[in-house]
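Read the structure below first, then the notes.
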Number of protein chains: 2
Amino acid sequence: MTAGDGISSRRTTIYDLARIVGTSPTAVSSVLNGSWKKRRISQKLADRVLSAAEENGYALNIQASVLRREKSNIVGMIIPKYDNRFFGAIAERFEEAARAEGLFPVITCTQRDPDLEVEAARGLLSYQVDCLVACGATNPDHIAELCAANGVATINLDLPGGRAPSIISDSYSGALDLTNVILDACERDLGSRAPLVFIGGRLDDHNTKERRRGFLDAHAARGIEVPEGNVLMPGYAPEKARAVLERMPAQARGIFVNSTITLEGVVQWMQSLPPAEAAAMRYGSFDYDPFGALLPQNVGMVEQDVPSLIAALVARMSDLPNAPIDVTKVPCILRLPQITPPHGAPSHSNRGMPNDHMRS
Amino acid sequence: MTAGDGISSRRTTIYDLARIVGTSPTAVSSVLNGSWKKRRISQKLADRVLSAAEENGYALNIQASVLRREKSNIVGMIIPKYDNRFFGAIAERFEEAARAEGLFPVITCTQRDPDLEVEAARGLLSYQVDCLVACGATNPDHIAELCAANGVATINLDLPGGRAPSIISDSYSGALDLTNVILDACERDLGSRAPLVFIGGRLDDHNTKERRRGFLDAHAARGIEVPEGNVLMPGYAPEKARAVLERMPAQARGIFVNSTITLEGVVQWMQSLPPAEAAAMRYGSFDYDPFGALLPQNVGMVEQDVPSLIAALVARMSDLPNAPIDVTKVPCILRLPQITPPHGAPSHSNRGMPNDHMRS
DNA sequence: CAATTATGCTCTATCGGTTGAGCATCGCAA
DNA sequence: TTGCGATGCTCAACCGATAGAGCATAATTG
């Protein structure tokens, strides 16, 4: 393309191209959006239009295009944070999947702020999104209502709602597995059969509720009773976790951590213990983090299967708006610590070792 | 608002509201966009319009609005990945800052793929962005040309370019500091004055070039010569790092890691060493990761100052399009390992301990 | 009381692309 | 030579919001 002179006052439009090529704006439009075959434009004219567009660095004005069309092909997502691997992966995969479907993804981050969530949703509605994905929303039903009022379909991701189809991880089974792994490690490494401590989240949060249920059931299956004081749910923040851990039951040896964010606080707390005391502890955490997985007393992480979550999401999106209001549960992946192989030997593989499912 | 019946065929427009309230679309529009005072609409009518909008769940059609206006108030950003703390924080803070300025941010992730970068930039141009931020772009000048051809201003973030203002971290000074920290630790803990190993990145990458320069200068200032084989730049991927580390110079005790992504590979490799051998190593890394910071032999991380980077970015954005094509360097923050306090004592604070600059 | 100003609103064109309808021209068969 | 479909393109309306111009009516001034 010719390098813009930097002060090219106006952007190139189909009217400019029409004048340059010597044809009508309609012909230009149909060539550029691919409907020219149907509209019986000659190959010759199409070629001329395309090369003129190239030469002039033409970029479609989506605003005008969407304004006229019935579907925008824009799909929106609200997401709480970008600061952990789970949500980061969700955002990346969602963008990838949307593009593969010929859709344009717009993601916006709501900082776990309920007001910002609604504001962000309204913002995306302004973009005429065909569909809005509410990921980890504190009040998915409110979002769903707002969208319904505008005739826009919604899907809930990560946290379920009652007014739209939901795609979530099977937190219960994941928690059951993780609890068993930690209990096994405590018995094997430390000879302890004491109940674990559950830390992080809030009881009004669906995932926390399910994970707590799995945690308790795993104990029950072994006939281990869990005192109420062993379940600590002060939210997700690391500082909160550190604070409540100061009052942790003395005999506890194993910790079930509800999220990697909370895990930060747990690890900080553990590093403040005398080394011998810290060495006599084991923990496992929900959500996967590559560095978190490498920390000394970590005996397992439950990774949410992001590619499958997104695949389920895309499948539901194609059914919209007639999709049933149901909940799809996607199994989690249990990641066990990599067995450190003898030096120089090929790295020994076990289920879910740290290199699976990583960067594509 | 009245709960949508789910089949509300069309979205509410200003024409609907005008009919409901019994006034003109112009009046409705001016009330909703705030220009009603200037247009001498009465408070009474404004109130009626606002409550009708509320009741009908009205959401502005940005497409139509932007189409008519001269400025879109949309700012775009392309970013390579969401999978580490640095880019995650950049995305979050950028959204926050843009909203605070009354702008609408649209971020799109390019997977470090040069073609996708251009495609994504073109996509954002379609949205009539007023300004496009190219963050960590492999070819910022290409993006800048594309934008110039459309009369859109660009700013480079993280990696500099020659055709637009650039905001980057002061990699050289950060690398100098980090190298000194690692050298000190090797001497103090291991009694070693051997040159460090530099790992990660590519020499055609500006940040890598600057960090390598700081790395070499820190050695030179101590009169330590660095053999060429100590500088390993096989890209950023963890597997690449692991592969080249197999051929690491035998006498090396300290490693300068160019990014947290590369650090993943370094730590995996180190865990494959016999424990005694691993214990006799120290490393430090560019970019901060809360879990990475807590790993045993980590003696320091250099955190890029995201809030300051974004502040500088916003400052430049307000100068556009007349901003000079210059490079703004923002100092990095050196994060040293937290001194583990005696059990029960209040946590001892040193420069850049893990809780500074974290979640707001 | 006429002239002026202020108040409160409406009309109309417009942004750029899309879509259905329409209009020439050409080739070919009857 | 007329008729008819196929080919290749253009016209005009429209999507929803906005901005400038305009036009009543009410309030104020000389």
Side-chain angles (χ1 to χ4, degrees), chain A residues 9-49 52-53 56-74 104 125-130 150-151, chain B residues 9-49 53 56 58-74 104 125-130 150-151:
Chain A
S9 47
R10 278 259 143 262
R11 332 173 60 132
T12 314
T13 72
I14 54 168
Y15 297 91
D16 300 324
L17 295 181
R19 201 166 7 81
I20 291 166
V21 174
T23 184
S24 70
T26 303
V28 173
S29 171
S30 64
V31 168
L32 294 173
N33 69 24
S35 68
W36 60 281
K37 204 84 206 222
K38 203 180 65 182
R39 286 185 143 269
R40 295 184 314 218
I41 302 294
S42 65
Q43 181 75 53
K44 210 177 100 192
L45 179 57
D47 290 343
R48 281 193 295 144
V49 167
N56 294 76
Y58 172 80
L60 173 72
N61 183 328
I62 292 251
Q63 323 290 6
S65 174
V66 165
L67 181 57
R68 188 56 173 76
R69 288 181 326 210
E70 69 308 346
K71 290 194 66 185
S72 70
N73 292 334
I74 303 173
F104 199 102
L125 286 178
S126 295
Y127 278 82
Q128 312 301 106
V129 291
D130 287 335
N150 285 272
Chain B
S9 48
R10 281 257 141 266
R11 332 171 62 129
T12 315
T13 72
I14 55 168
Y15 297 90
D16 299 325
L17 296 181
R19 201 164 8 79
I20 291 166
V21 174
T23 183
S24 70
T26 303
V28 173
S29 171
S30 64
V31 168
L32 294 174
N33 69 24
S35 68
W36 59 281
K37 204 85 206 220
K38 203 180 64 183
R39 284 184 146 270
R40 297 183 312 219
I41 302 295
S42 65
Q43 182 76 54
K44 211 178 99 190
L45 179 56
D47 290 344
R48 281 193 296 144
V49 167
N56 293 76
Y58 172 81
L60 172 72
N61 183 327
I62 292 250
Q63 322 291 5
S65 176
V66 165
L67 181 58
R68 188 56 174 75
R69 288 181 327 209
E70 68 308 345
K71 289 194 66 187
S72 70
N73 292 334
I74 303 173
F104 199 102
L125 286 177
S126 295
Y127 278 82
Q128 313 302 106
V129 291
D130 287 335
N150 285 271

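Lettering follows sequence order; numbering is per chain, from 1.
- Applying the salt bridge (Lys or Arg N to Asp or Glu O under 4.0 Å) test to residues at least two apart or on different chains, none of the pairs has a partner in residues 26-37 of chain B.
- Residues passing the side chain to side chain donor-acceptor pair (under 3.5 Å) test with B:Ser72 are B:Asp130, sequence neighbours excluded.
- If you measure from atom NZ of B:Lys44 to atom P of C:dG8, you get 10 Å, rounded to the nearest angstrom.
- One finds the CG atom of A:Asn150 at 5.0 Å from the CG atom of A:Leu125 (value rounded to the nearest 0.5 Å).
- Taking atom CG of B:Leu125 as the reference point, atom C1' of C:dG16 lies 16 Å away to the nearest angstrom.
- Rounded to an integer number of Å, the gap from B:Leu67 CG to D:dA19 C1' is 14 Å.
- Note on A:Thr13: every side-chain N or O is 4.0 Å or more away from OP1 and OP2 of C:dG16.
- Residue A:Leu60 is classed as a sugar-phosphate contact, given heavy-atom separations below 4.0 Å to backbone atoms only.
- Taking the side chain to side chain contact (heavy atoms under 4.5 Å, CB included) definition, one finds that A:Lys38 meets it with nothing, sequence neighbours left out.
- Rounding to whole angstrom units, NZ of residue B:Lys37 and C1' of D:dA19 are separated by 20 Å.
- As rounded to whole Å, 9 Å separates atom C1' of C:dT18 from atom CZ of A:Arg69.
- Of the inter-residue distances, the one linking B:Asp47 atom CG with B:Ile41 atom CD1 reads 12.5 Å to the nearest 0.5 angstrom.
- Distance A:Lys38 NZ to C:dA21 P: 12 Å, rounded to the nearest Å.
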Scan the side chains in residues 17-27 of chain B for donor-acceptor partners under 3.5 Å anywhere in the protein, sequence neighbours excluded, and list what turns up.
residue : atom : partner : partner atom : Å
B:Arg19 : NH2  : B:Asp16 : OD1          : 2.8
B:Ser24 : OG   : B:Ala27 : N            : 3.2

Which protein N or O atoms sit under 3.5 Å from an N or O of nucleotides 3-7 of chain D?
none

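- Every side chain to side chain contact (heavy atoms under 4.5 Å, CB included) that A:Ser65 has, sequence neighbours left out, goes to A:Leu60, A:Arg69.
- By the side chain to side chain donor-acceptor pair (under 3.5 Å) test, A:Asn73 pairs with no residue at all, sequence neighbours left out.
- Here B:Ser126 contributes atom OG and A:Tyr58 contributes atom OH; the two are 8.0 Å apart, rounded to the nearest 0.5 Å.
- Here B:Ser42 does not reach the OP1 or OP2 of C:dT7: none of its side-chain N or O atoms lies under 4.0 Å away.
- Applying a 4.0 Å cut-off to non-hydrogen atoms, the residues of residues 28-35 of chain A that approach DNA chain C are A:Ser29, A:Asn33, listed by residue number.
- Note on the helix from C:dC1-D:dG30 to C:dA30-D:dT1: angle between the axes of the first and last five pairs equals 60°, rounded to 10 degrees.
- Distance CZ/B:Arg68 to CD/A:Gln63: 14.5 Å, rounded to 0.5 Å.
- If you take CZ of A:Arg19 and C1' of D:dT10, they are 17 Å apart, rounded to a whole angstrom.
- Scanning for ring-ring contact (aromatic ring centres under 6.0 Å, His included) contacts around A:Phe104 gives B:Tyr127, with sequence neighbours left out.
- Put simply, CZ on A:Arg11 is 14 Å from C1' on C:dG17, counting in whole angstrom units.
- Here CG of B:Leu67 is found 6.0 Å from CG of A:Asn61. Values are rounded to the nearest 0.5 Å.
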Dump every N/O contact between nucleotides 10-13 of chain C and the protein below 3.5 Å, one line per pair.
residue : atom : partner : partner atom : Å
C:dT10  : OP1  : B:Thr23 : OG1          : 3.4
C:dT10  : OP1  : B:Ser24 : N            : 3.4
C:dT10  : OP2  : B:Thr23 : OG1          : 2.8
C:dT10  : OP2  : B:Ser24 : N            : 3.0
C:dT10  : OP2  : B:Ser24 : OG           : 2.6
C:dT10  : O4   : B:Arg39 : NH1          : 3.2
C:dC11  : N4   : B:Thr26 : OG1          : 2.8

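- Listed by chain and residue number, B:Ser42 satisfy the side chain to side chain contact (heavy atoms under 4.5 Å, CB included) test with B:Lys44 (two or more places apart in sequence, or in another chain).
- Side chain of A:Thr12 to main chain of A:Asn56: a donor-acceptor pair is present (N/O by atom type, distance under 3.5 Å, no hydrogens or angles).
- The side chain of B:Tyr58 lies closest to D:dA17 when the candidates are C:dC9, D:dA17, C:dG16.
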